[in-house]
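These numbers come from the heavy atoms of this one structure, side chains and all, not from hydrogens, waters or symmetry mates. As the structure is a computational prediction, the values presented were derived from the model and not from experiment.
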Amino acid sequence: SRRRHTRFKCDWSSDVCSSDLTLIGSNGAGKTTTLRTISGLERARSGSITLNGQSIEALPPHQIVALGIGHAPEGRRVFARMSVRENLEMGAFLRRGADVEKDFKKVFELFPRLKEREFQAAGTMSGGEQQMLAIGRALMGQPKILLLDEPSMGLAPILVEQIFDIVKEIKIGRAHV
């Protein structure tokens, strides 16, 4: 599929890391493409992306994750045949040791439903549970910046409220992973 090219210009300073930033726009405006480009999943046609003074637009996604950017993509994109635990392990693929086990515990505290489903195939869970898993997987990488693409898409209103309450907890540090 060919994506329409979107011109996007912004000058975000390091203040982004200590504040919220929301991309708003109509369908097809380039919000998902922007996040995918920041994450290294797509390449920018021009311009640059820097993080703490380091150019990242040519880096592969795993190196961008290592620099502290986590991404819960649009449409959840869980590994359907893998268990919840295996999906979370994928989020921590650059990390080893006891800290990873501590983060499993923290993610399960944030999302108790995931603990209940720990060994269940991710593809058999509801959309809301898969969204929780996608966010939990991104958190397992211990990001400094968390990119959430359409976190409420297709969810029941009660689940949307629950997801955003958890995002607020993450933001204020009570649920820092």
Side-chain angles (χ1 to χ4, degrees), residues 3 6 8 10 12-42 44 49-52 56-57 59 61-80 84 87-95 103-104 106-114 117 122-123 125-177:
R3 292 187 182 265
T6 303
F8 191 90
C10 62
W12 296 327
S13 68
S14 61
D15 295 341
V16 160
C17 295
S18 61
S19 65
D20 293 337
L21 176 69
T22 305
L23 296 179
I24 299 173
S26 62
N27 289 341
K31 300 177 301 292
T32 294
T33 301
T34 299
L35 296 181
R36 289 177 55 83
T37 303
I38 293 168
S39 296
L41 299 171
E42 294 191 22
I49 303 169
T50 59
L51 178 64
N52 298 324
I56 66 169
E57 71 271 358
L59 295 178
H62 72 279
Q63 289 180 357
I64 293 171
V65 169
L67 291 173
I69 296 180
H71 186 187
E74 177 183 34
R76 298 174 282 280
R77 309 265 173 148
V78 298
F79 298 99
V84 166
N87 269 269
L88 293 174
E89 287 171 351
M90 294 300 290
F93 76 100
L94 293 175
R95 302 174 50 225
D103 288 346
F104 273 114
K106 290 176 184 177
V107 167
F108 289 148
E109 286 172 5
L110 271 177
F111 302 107
R113 192 69 165 172
L114 295 182
R117 306 260 192 262
M125 298 190 316
S126 73
E129 292 166 339
Q130 288 183 23
Q131 187 62 53
M132 292 174 197
L133 179 56
I135 294 170
R137 184 181 61 213
L139 290 172
M140 289 295 290
Q142 294 187 326
K144 295 176 188 91
I145 299 172
L146 179 61
L147 307 176
L148 301 175
D149 193 359
E150 299 280 359
S152 61
M153 183 173 69
L155 301 182
I158 189 73
L159 286 175
V160 171
E161 186 175 327
Q162 184 180 4
I163 294 285
F164 284 115
D165 285 345
I166 291 167
V167 169
K168 285 179 199 169
E169 285 186 43
I170 293 166
K171 181 192 176 316
I172 62 174
R174 287 195 312 232
H176 181 72
V177 173

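Applying the salt bridge (Lys or Arg N to Asp or Glu O under 4.0 Å) rule to pairs touching residues 150-164 yields nothing, sequence neighbours excluded. Residue pairs that meet the salt bridge (Lys or Arg N to Asp or Glu O under 4.0 Å) test with at least one member in residues 129-141, sequence neighbours left out, are Arg113-Glu129, Arg117-Glu129.
Contact detail for Leu88 and Gly136: the closest heavy-atom pair is CD2-C, 3.5 Å. Residues Gln130 and Met125 come closest through the heavy atom pair NE2-O, 3.0 Å. Shown here for Phe93 and His62, the closest heavy-atom pair between the two residues is CZ-CB, 3.6 Å. Between Ile145 and Leu51, the closest heavy-atom pair is CD1-CD1, 3.7 Å. Minimum interatomic distance between Leu114 and Val84 (heavy atoms only, all atoms of both residues): O-CG1, 3.8 Å. Across all non-hydrogen atoms, the minimal contact from Phe79 to Asn87 is N-OD1, 2.8 Å.
Leu146 is linked by a side-chain contact (heavy atoms from CB on, under 4.5 Å) to Ala138, Leu139, Pro143, Leu148, counting only residues two or more places apart in sequence or in another chain. Legend: residues meeting side-chain contact (heavy atoms from CB on, under 4.5 Å) with Ser152, ordered by chain and number and at least two apart, are Val160, Phe164. Taking the side-chain hydrogen bond (donor to acceptor under 3.5 Å, both in side chains) definition, one finds that Gln63 meets it with nothing, sequence neighbours left out. Shown here are the side-chain contact (heavy atoms from CB on, under 4.5 Å) partners of Ser39, two or more places apart in sequence or in another chain: Leu41, His71, Leu147. For Glu109, the side-chain contact (heavy atoms from CB on, under 4.5 Å) partners two or more places apart in sequence, or in a different chain, are Lys105.
Atom CD of Glu74 sits about 9.0 Å away from atom CZ of Arg36, to the nearest 0.5 Å. Atom CD of Glu42 and atom OG1 of Thr33 lie 5.0 Å apart (nearest 0.5 Å).
Residues Ile166 and Ile135 form no side-chain contact, since every pair of their non-hydrogen atoms from C-beta on lies 4.5 Å or further apart. You'll find the side chain of Pro151 reaches within 4.5 Å of the side chain of Gln131, heavy atoms only. Contact of the Gln162 side chain with the Met132 side chain is registered, since non-hydrogen atoms from C-beta on lie closer than 4.5 Å.
At least one donor-acceptor pair under 3.5 Å links the side chain of Glu57 to the backbone N or O of Ile49.
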Verify side-chain contact (heavy atoms from CB on, under 4.5 Å) between Ile69 and Ile56, making sure each step is shown before the conclusion.
CA-CA 11 Å; Ile69 296 180; Ile56 66 169; 3.9 Å; yes
